[in-house]
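The structure under discussion appears below in the form of C-alpha cells.
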Amino acid sequence: MIKEIQIKDQAQVQKINRLASSAPYDVWLHSETVMLDARSLLGLYALIGKKVRVVAEDNVDPHQFGKLVDRME
C-alpha cells in the first residue's frame, strides 16, 4: 500500500516516527532518491520539505493504514 504526504517540519518528523514505531507492521518512507524505515528518526530529518510516499506491505488492513497516514499529516 502506498499513500503520499508532504513532510513540513521537525514536529511532523517526530510524530511520523512515533506513529511508525507503534504500528504493528513495518512502515517505510520513499522519496525520489531514498527509501527509509519510518522508525529511523535520524534519517527522517533528511525528508523535511519533501513529498514522500508512505509504504507498507500489501497484507496490512487498508483502513488501518489509511488512518495511520492521516494521523501522520
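Because the structure is a prediction, the values reported are computed rather than measured. Heavy-atom basis, side chains included; hydrogens, waters and symmetry copies ignored.
- Residues Ile2 and Val54 are not in side-chain contact: their nearest non-hydrogen atoms beyond the backbone lie 4.5 Å or more apart.
- Taking all atoms of both residues into account, the shortest heavy-atom contact from Met1 to Val60 is CE-O, 2.5 Å.
- Summarising the geometry of Arg39 relative to Ala23, their closest heavy-atom pair is NH2-O, 3.0 Å, with the distance given to 0.1 Å.
- In this structure, Leu44 and Ala38 approach most closely via the heavy-atom pair CD1-O, 3.3 Å.
- For the pair Asp37 (side chain) and Asp26 (backbone), a donor-acceptor distance under 3.5 Å is absent.
- Met72 pairs in a side chain to side chain contact (heavy atoms under 4.5 Å, CB included) with only one of the listed residues (Ile7, Val13, Ile16), which is Ile16.
- Smallest separation of non-hydrogen atoms from Ser40 and Asn17: N-ND2, 3.9 Å.
- In this structure, CD on Gln10 lies 6.0 Å from CD1 on Ile48, to the nearest 0.5 angstrom.
- Here OG of Ser22 is found 6.5 Å from CZ of Arg71. Values are rounded to the nearest 0.5 Å.
- Going from atom CG of Leu68 over to atom CG of Asp61 covers 11.5 Å, rounded to the nearest 0.5 Å.
- A 4.5 Å side-chain heavy-atom check between Val27 and Val69 finds every atom pair outside the cut-off.
- Contact check for Leu36 versus Trp28: no side-chain heavy atoms found under the 4.5 Å cut-off.
- Between the side chain of Glu57 and the backbone N or O of Tyr25 there is no donor-acceptor pair closer than 3.5 Å.
- Val52 and Met35 fall into different hydrophobic clusters, where Ile, Leu, Val, Met, Phe, Trp and Tyr side chains are chained together by heavy-atom contacts under 4.5 Å.
- Checking Lys50, Lys51, Arg53 one by one against Glu32, the salt bridge (Lys or Arg N to Asp or Glu O under 4.0 Å) holds for a single residue, Arg53.
- Partners of Gln14 by side chain to side chain donor-acceptor pair (under 3.5 Å), not counting sequence neighbours, listed by chain and number: Tyr45.
- The structure places CG of Leu47 at 10.5 Å from CD of Gln12, a figure rounded to the nearest 0.5 Å.
- In this structure a side-chain-to-backbone donor-acceptor pair under 3.5 Å is missing from Glu73 to Gln6.
- Counted within 6.0 Å of CG on Asp9, heavy atoms from surrounding residues, nucleotides or ligands total more than 12; the atom is thus considered enclosed.
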